[in-house]
Novice: 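Below is a structure I'd like to ask you about.
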Amino acid sequence: MNKETPKIDILVADASHEVYVDQILDTISEAAKKRGTGIAKRTHAYLATKMKEGKAIIALDGDKFAGFSYIETWGNKSYVTTSGLIVHPDYQGQGIAKQIKDHTFTLARVRWPEAKIFSLTSGAAVMKMNTALGYVPVTFADLTDDESFWKGCEGCVNNDVLIRTGRKYCICTGMLYDPEQHKGEPTPLDVFQKIMKTVVSRGLV
C-alpha cells in the first residue's frame, strides 16, 4: 500500500513558530554542506524576528517542520528578497518548495507592492521557480546597493569570488522581478486570498 501524501499547511509564520527555528537552521546548514555551496549565516534571533514580523512562511505537517523561507527588505524597502528556502529531507519531492515560494512571493507583493523582488541563487530548481514567477536574470549592478545585504554574503564560502570581482558576479545568479513590468498580472487567487486574510488580521498592511 502506498504511503498517503501528508496534508501540508503553508502559513505566514508568527511568534508561536519560534520553536522550529533551531531545526530550520540545522536543515539549511546540512543542505548547504550536501550541495557544497555557500550560505548566508543567520542566527536564531534573526529568524525568530522574521517570524514575529510576519516576514516568513513555514510549512507544517501537523506539528512537524516541513519547510521554510523568509523575507528581507533592503534600500528603504525598495528591494525585497525571499531567502532561505528549505524543505526538510523527509518532505522533498512533493512540490512543497514551489508552494512556499508562491507564498513568500505573494506575501512580498502584498506587503511591498512597489518593491523590486530579487534573488541570488545557485540552484537550478529555484531559478526555474523564479522564472515561472516572472523573474529575469540580471547583473549584480541591477540589485540593491544596500551594504547590509552584501554583508550577509560574508558568511558564504564563495565570498572571496564576490570580493575578487568587485561584486560584479559570483557563483550565484542574480534574478529580478520588477513590478513595473508586470502591472495588471494576477496573483494565484487562492494564495492571494489566504495571504491577505492573514496580513489584515495581524495588521501587517
Side-chain angles (χ1 to χ4, degrees), residues 4-21 23-25 27-28 42 46-74 77-119 121 123 125-135 175-205:
E4 185 177 348
T5 302
K7 170 70 168 64
I8 305 298
D9 291 317
I10 312 293
L11 309 165
V12 179
D14 58 33
S16 70
H17 298 116
E18 184 177 350
V19 294
Y20 297 100
V21 168
Q23 187 179 6
I24 291 168
L25 290 170
T27 305
I28 291 173
R42 295 293 181 249
Y46 188 86
L47 291 193
T49 298
K50 291 297 177 187
M51 291 177 172
K52 293 171 185 175
E53 293 176 343
K55 295 180 180 177
I57 295 292
I58 191 165
L60 297 175
D61 173 13
D63 62 356
K64 296 179 181 178
F65 163 66
F68 181 76
S69 183
Y70 60 93
I71 291 173
E72 297 172 297
T73 56
W74 309 101
K77 299 180 181 178
S78 58
Y79 285 88
V80 175
T81 52
T82 60
S83 306
L85 177 60
I86 191 69
V87 174
H88 189 279
D90 292 348
Y91 296 91
Q92 291 175 0
Q94 300 177 26
I96 295 173
K98 184 181 184 306
Q99 292 182 63
I100 294 172
K101 184 73 176 180
D102 287 348
H103 279 69
T104 51
F105 178 75
T106 302
L107 179 59
R109 289 190 66 190
V110 166
R111 294 194 63 184
W112 303 280
E114 304 302 321
K116 294 179 180 180
I117 308 173
F118 72 95
S119 171
T121 182
V126 174
M127 290 182 197
K128 183 177 180 180
M129 286 186 282
N130 285 347
T131 300
L133 290 169
Y135 290 70
M175 302 188 75
L176 184 72
Y177 175 93
D178 185 347
E180 284 293 321
Q181 305 300 318
H182 297 272
K183 286 187 177 297
E185 291 184 9
T187 301
L189 186 59
D190 57 338
V191 177
F192 177 77
Q193 290 177 331
K194 181 179 176 182
I195 293 293
M196 279 299 297
K197 182 177 180 180
T198 301
V199 298
V200 169
S201 67
R202 289 175 59 181
L204 299 174
V205 292

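Hydrogens, waters and symmetry mates play no part in the numbers below; they use all other heavy atoms, side chains included. Predicted model only: the values in this text are computed from it and were never measured.
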Novice: Answer yes or no: is there a side-chain heavy-atom contact under 4.5 Å between Phe68 and Thr27?
Specialist: no
Novice: Can you find a pair of side-chain heavy atoms, one from Phe65 and one from Val19, that are under 4.5 Å apart?
Specialist: no
Novice: Is the His88 ring parallel, tilted or perpendicular to the Tyr91 ring (thresholds 30°, 60°)?
Specialist: perpendicular
Novice: For a side-chain contact (heavy atoms from CB on, under 4.5 Å) check, start with the C-alpha distance between Leu60 and His17, then their side-chain angles and the critical distance, and finish with the verdict.
Specialist: CA-CA 10 Å; Leu60 297 175; His17 298 116; 4.0 Å; yes
Novice: Between the main-chain N or O of Ser78 and the side-chain N or O of Lys116, is there a donor-acceptor pair closer than 3.5 Å?
Specialist: no
Novice: So, Ser69 side chain and Ser83 main chain: donor-acceptor pair closer than 3.5 Å or not?
Specialist: yes
Novice: When the side chains of residues 196-205 are checked against the rest of the protein, which donor-acceptor pairs come out under 3.5 Å, sequence neighbours left out?
Specialist:
unit_1, atom_1, unit_2, atom_2, d
Thr198, OG1, Lys194, O, 3.1
Ser201, OG, Lys197, O, 3.1
Ser201, OG, Thr198, O, 2.9
Arg202, NH1, Ala13, O, 2.9
Arg202, NH2, Ala13, O, 3.3
Arg202, NH2, Met51, O, 3.4

Novice: Just grab all the salt bridge (Lys or Arg N to Asp or Glu O under 4.0 Å) pairs involving residues 87-100, residues at least two apart or on different chains.
Specialist: Lys98-Asp102
Novice: Taking atom CZ of Phe192 as the centre, report whether more than 12 heavy atoms of other residues, nucleotides or ligands fall under 6.0 Å from it.
Specialist: no
Novice: Are the side chains of Leu176 and Ile117 in touch, meaning some heavy atoms are under 4.5 Å apart?
Specialist: no
Novice: For residues Lys7 and Asp61, report the shortest heavy-atom separation together with the two atoms involved.
Specialist: O-OD1, 3.9 Å
Novice: Could you list the donor-acceptor pairs under 3.5 angstrom formed by side chains in residues 125-133, with sequence neighbours left out?
Specialist:
unit_1, atom_1, unit_2, atom_2, d
Asn130, OD1, Lys101, NZ, 2.8
Asn130, ND2, Ser119, OG, 3.2
Thr131, OG1, Met127, O, 2.9

Novice: On the 0 to 90° scale, with breaks at 30° and 60°, tag the Tyr79-Phe118 ring pair as parallel, tilted or perpendicular.
Specialist: perpendicular
Novice: Report yes or no: do Glu53 and Tyr70 form a side-chain donor-acceptor pair below 3.5 Å?
Specialist: no
